[in-house]
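Report on one structure; see the data block that follows.
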Amino acid sequence: MSRVPLIAGNWKMNGLVADGTALAAGVAAKRKGQPDLACDVLICPPAPLLAAVIAAVAGSGVAVGGQDCHAKVSGAHTGDTSPALLKDLGCSYVILGHSERRGDHGETDAQVKAKAACAHGAGLIAIVCIGETLAQRDDGQTIAVNKSQLRGSLPEGANAANTVIAYEPVWAIGTGRVATPEQAQEVHAAIRAELVELIGETEADKMRILYGGSMKPENAAQLIALPDVDGGLIGGAALKVEDFWAIARNCG
């Protein structure tokens, strides 16, 4: 099954208006300069930068997404962002259940599932994040933890068109540590096998599973070449145009 890789930049809580706009424009220029790039390109800035970033990449083929959304379309939820508003601004994706959201804000699988369902209802593609901590890996729970999070976080109606899975070993995020190719492939293959049970073989074969955990230009080629790795959810390297684009070029 041929899956178009996705290279997604998660800017996290970084960037002001001027440098965020410049970064987006830089990525857009790279994308325009390589129209035959064999992957989809996505950038996810902090929410207040979305309008400026969407304007900066207009017409370039670079997609824009949010880093989180609420589980309801509207209402009395101060400080939260509606998936309908993200869609209205021009977003096509939203990252959900990132380990930093799960850790910093105590998000549960059930909350991630509800957010993903609402995102689908608004017409957004949900990037559902799962991953184990170092303690869980050391305790031999890696596969069980990821399968459990996947089952708990994937909403009804999830399919390859509206959902992307991101495997992010928590111990490798922002640490400079990275899963070995063998470790990454083992978990990605287990996730795809679990997807077969959850959504059927056809959709599981089509669904993209990203690796997120200190992917950078130096290791991207080896990771992206793995049979069940369909791109990356990029953190630190997404904050530099040349680094981000060096990763994207590994898709062919």
Side-chain angles (χ1 to χ4, degrees), residues 6 8-15 17 20 24 40 42-55 57-58 62-131 145-168 170 173 191 194-195 198-200 203 207-210 212 233 235 238:
L6 173 64
N10 176 13
W11 294 5
K12 306 190 180 184
M13 196 176 72
N14 293 295
V17 174
D40 293 335
L42 167 68
I43 52 178
C44 299
L49 293 182
L50 282 168
V53 166
I54 288 167
V57 303
V62 174
V64 179
Q67 296 180 9
D68 183 45
C69 71
H70 198 273
K72 294 185 178 178
V73 174
S74 62
H77 304 288
T78 301
D80 286 310
T81 303
S82 158
L85 176 57
L86 293 178
K87 182 68 174 180
D88 193 46
L89 281 169
C91 291
S92 48
Y93 291 79
V94 61
I95 300 169
L96 297 172
H98 191 280
S99 65
E100 291 157 4
R101 297 288 312 176
R102 292 176 186 261
D104 292 351
H105 300 276
E107 288 191 0
T108 65
D109 293 342
Q111 288 172 317
V112 175
K113 180 178 182 177
K115 289 181 177 187
C118 195
H120 289 163
L124 295 172
I125 299 170
I127 300 178
V128 176
C129 301
I130 60 176
V145 166
N146 282 283
K147 286 186 173 184
S148 176
Q149 287 184 358
L150 183 64
R151 287 193 299 269
S153 303
L154 206 64
E156 290 290 328
N159 57 47
N162 64 20
T163 305
V164 174
I165 305 301
Y167 165 58
E168 38 162 34
V170 179
I173 298 171
I191 291 169
E194 188 69 11
L195 285 170
L198 294 170
I199 62 174
E203 288 301 315
M207 188 170 285
R208 294 183 286 191
I209 307 173
L210 311 183
L233 182 58

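Everything numeric in this text was worked out from a predicted model, so none of it was measured.
Here the closest non-hydrogen pair linking Ile127 and Ala166 is CG2-CB, 3.9 Å. Closest heavy-atom contact between Leu50 and Gly65: CD2-O, 3.6 Å. In plain terms, the two heavy atoms of Ala24 and Ile43 that are nearest each other are CB-CD1, 3.9 Å. In plain terms, the two heavy atoms of Leu96 and Ala119 that are nearest each other are CD1-CB, 4.3 Å. Here the shortest heavy-atom pairing between Ala116 and Ser153 reads CB-O, 4.4 Å. Contact between Ala238 and Trp11 at its shortest, heavy atoms only, is O-NE1, 3.7 Å.
Judged by distance alone, the side chain of Asn162 and the main-chain N or O of Gly157 form a donor-acceptor pair under 3.5 Å. Formation of a donor-acceptor pair under 3.5 Å by the Gln111 side chain with backbone atoms of Thr108 is found in this model. No side-chain donor-acceptor contact under 3.5 Å links Thr81 to the backbone of Cys69. Remark: side-chain polar atoms of His98 are paired, donor with acceptor, to backbone N or O of Glu100 under 3.5 angstrom.
Rounding to the nearest 0.5 Å places CG of Leu86 at 8.5 Å from CD1 of Ile54. Rounding to the nearest 0.5 Å places CD1 of Ile130 at 8.0 Å from CD1 of Ile209. With rounding to the nearest 0.5 Å, the separation of OG in Ser92 from CD1 in Ile125 is 6.0 Å. If you take CD1 on Ile165 and CD on Gln149, they are separated by 11.0 Å, rounding to the nearest 0.5 Å. For the atom pair Leu195 CG and Lys147 NZ, the distance stands at 10.5 Å (nearest 0.5 Å). Rounding to the nearest 0.5 angstrom, the gap separating the CD atom in Glu194 from the CG atom in Leu154 is 10.0 Å.
A salt bridge links Arg102 with Asp109: the closest approach of a Lys/Arg side-chain nitrogen to an acidic carboxylate oxygen falls below 4.0 angstrom. Comment: Asp68 engages Lys115 in a salt bridge, judged by a side-chain N to carboxylate O separation of less than 4.0 angstrom.
Checked against side chain to side chain contact (heavy atoms under 4.5 Å, CB included), Cys44 has the following partners two or more places apart in sequence or in another chain: Leu42, Gln67, Ile95.
Side-chain contact check for Pro155 versus Lys113: some heavy-atom pair is nearer than 4.5 Å.
Within 6.0 Å of the NZ atom in Lys87, the count of heavy atoms belonging to other residues, nucleotides or ligands exceeds 12.
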* Show your working on side chain to side chain contact (heavy atoms under 4.5 Å, CB included) between Leu210 and Glu168 and close with a plain yes or no. => CA-CA 8 Å; Leu210 311 183; Glu168 38 162 34; over 6 Å; no
* To do: Given side chain to side chain contact (heavy atoms under 4.5 Å, CB included), test Val164 with Leu233 step by step and report yes or no.
  => CA-CA 11 Å; Val164 174; Leu233 182 58; over 6 Å; no
